[in-house]
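Quick notes on the structure that follows.
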2 protein chains.
Amino acid sequence: MAAKGGKSGDLREACVKQALAIIAKDGIDALSLRDVARRLGVSHQAPYKHFPSRDHILAEVVGRAYAGFAAYLEKRSRSDDPYEDLGLLGRCYLDYAQKHPLHYQLMFGTPLPDPAEHPEMMDKAEHAFATLRETIAKLPGRAPAASVDLDALYAWSVVHGLASILQTRATQQLGIRKATIAEATAHTLSRIGAALGRPRN
Amino acid sequence: MAAKGGKSGDLREACVKQALAIIAKDGIDALSLRDVARRLGVSHQAPYKHFPSRDHILAEVVGRAYAGFAAYLEKRSRSDDPYEDLGLLGRCYLDYAQKHPLHYQLMFGTPLPDPAEHPEMMDKAEHAFATLRETIAKLPGRAPAASVDLDALYAWSVVHGLASILQTRATQQLGIRKATIAEATAHTLSRIGAALGRPRN
DNA sequence: TCCCTAGGTTGACACTGTCTACCTGAGCCG
DNA sequence: CGGCTCAGGTAGACAGTGTCAACCTAGGGA
């Protein structure tokens, strides 16, 4: 008995969607394949026909988050000015994290399924860093590759750090005003530019 | 029957230590109070005499990580020069994350026990940010408090982002050389200084 | 038409967190 | 001194989970 209204591919897809819904509502810890099955009206073992283990379905969910993130970054605005281009990338990165907190958290949260056992999960995982690298390589004075890597690491640290921090309750608990939070993205991106030698107007 | 060789406080302490050992070895997901009890040679219910739930023992472990982190930062070297002072703080922060990856991950990993239900877990959670704030407030030209908060958020984003990234396998997968990683801390701290207007020698 | 396989169902098992009842020893009070 | 209370344990039960194993059915291909 296939899931309501379709072929087996539909059950697989329905499992992924349901897993995401459960995680969205109650967190990764609450993900239970039996719950998934129950919600889809199939036997508790049916999801295992498509995913050998709980980790596999989680890896699928995470892998899709990476892919969605990569696609989002690809669609960003661009500029011929390298500093502005970098700013637009940073902006896009943080926008994604803000608009899709769950997906962002899925990508960088712990514990994830072991990448060695789920290589396809990582297909698009490197995209953000690679994009940062390329964008930074275009900045003036970036000759050695190691220097590009160092600044790409720096930039990634900043945006990843801010994205992560903004997703926690920490900012509320630290007594940081909402107006300050609202300015944080622009301010932080400005600081990246300053750090990387953007000319002052 | 108290745990091997002592009063009940000893079982409580032993539970915390064992929980940390289990987490260190197999990750937070592997933490099981029955496993803790088994390893300590007590009945499976005994840990519940000291911790009402699994979340409570986890909150204790995390709270101790925060306290240890705060103590570590308090012991850092300091300087009269505000930029150098900031650099020393950043250095200390990243050193801690490097020397105590498990503890760092415990503090910032998801999902944590609900802070609202475990307020004592957060006793020292704000320390790092508060310290960053104070240190940045000493930099020249930091009059408005909101400006201090913005730059403290920026600096925190950088160090937290880098600490997090360096703890994942991501850097290996991204083809970043070890030599580059080794330089990342110094380079990133230098970039923070540049971003925050450190005079050039 | 027959066989194989994909994709389901069902039941079992071991493990977990938590609830409940019970026990013992120590300390305190009358 | 004896009785009571409580802290801190033991043991058993229950519900839920992930996973293993056996079985079934329908569709497709030879």
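Predicted model, so just to flag it, every value in this text is computed and none were measured.
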When the side chains of residues 95-109 of chain B are checked against the rest of the protein, which donor-acceptor pairs come out under 3.5 Å, sequence neighbours left out?
residue	atom	partner	partner atom	Å
B/K99	NZ	B/Y72	OH	3.2
B/Y104	OH	B/Y93	OH	2.7
B/Y104	OH	B/H160	ND1	2.6

More 5' along DNA chain D: B/S43 or A/R54, using each one's nearest nucleotide?
B/S43
Any side-chain N or O of B/R12 below 4.0 angstrom from OP1/OP2 of D/dA7?
no
Please list, pair by pair, any protein nitrogen or oxygen found under 3.5 Å from a nitrogen or oxygen in nucleotides 20-29 of chain D.
residue	atom	partner	partner atom	Å
D/dC20	N4	A/Q45	OE1	2.7

Those residues at least two apart in sequence (or on a different chain) that pass salt bridge (charged side-chain N to carboxylate O under 4.0 Å, His left out) with A/K49 are none
Rounded to whole Å, please give me the gap between CG in A/D55 and P in D/dT17.
17 Å
Could you pull out all residues at least two apart from A/A30 that satisfy side-chain contact (heavy atoms from CB on, under 4.5 Å)?
A/I22, A/D26
Would you mind reporting whether A/L88 and A/T135 have side-chain heavy atoms less than 4.5 Å apart?
no
Near-strand residues of residues 25-36 of chain A, defined as heavy-atom separation under 4.0 angstrom from DNA chain C:
A/R34
Pairing donors with acceptors under 3.5 angstrom, does anything connect the side chains of B/S190 and B/H187?
no
Under the side chain to side chain contact (heavy atoms under 4.5 Å, CB included) criterion, do A/D114 and A/D55 qualify, and how do the steps go?
CA-CA 8 Å; A/D114 183 3; A/D55 258 5; 5.9 Å; no
Expressed in angstrom and rounded to an integer, what is the separation of B/Y48 atom OH from C/dC19 atom P?
9 Å
Can you tell me how far C1' of D/dT17 sits from CD1 of A/I57, to the nearest Å?
15 Å
For A/D10 and C/dA6, give me the distance from atom CG to atom P, rounded to whole Å.
18 Å
Evaluate B/Y66 against B/H127 for side chain to side chain contact (heavy atoms under 4.5 Å, CB included), listing each step before the verdict.
CA-CA 8 Å; B/Y66 281 132; B/H127 180 270; over 6 Å; no
OP1 or OP2 of D/dA7 versus the side-chain N and O atoms of B/H50: is any pair under 4.0 Å?
no
Among all residues two or more places apart in sequence or in another chain, which pass the side-chain contact (heavy atoms from CB on, under 4.5 Å) test with B/P115?
A/Q173, B/M121, B/M122
How many whole angstroms separate atom CZ of B/R38 from atom P of D/dA11?
14 Å
Before you tell me yes or no, could you show the steps for A/K138 and A/E84 under salt bridge (charged side-chain N to carboxylate O under 4.0 Å, His left out), namely the whole-Å CA-CA distance, both residues' side-chain angles and the distance that decides it to 0.1 Å?
CA-CA 11 Å; A/K138 292 177 194 158; A/E84 190 169 339; over 6 Å; no
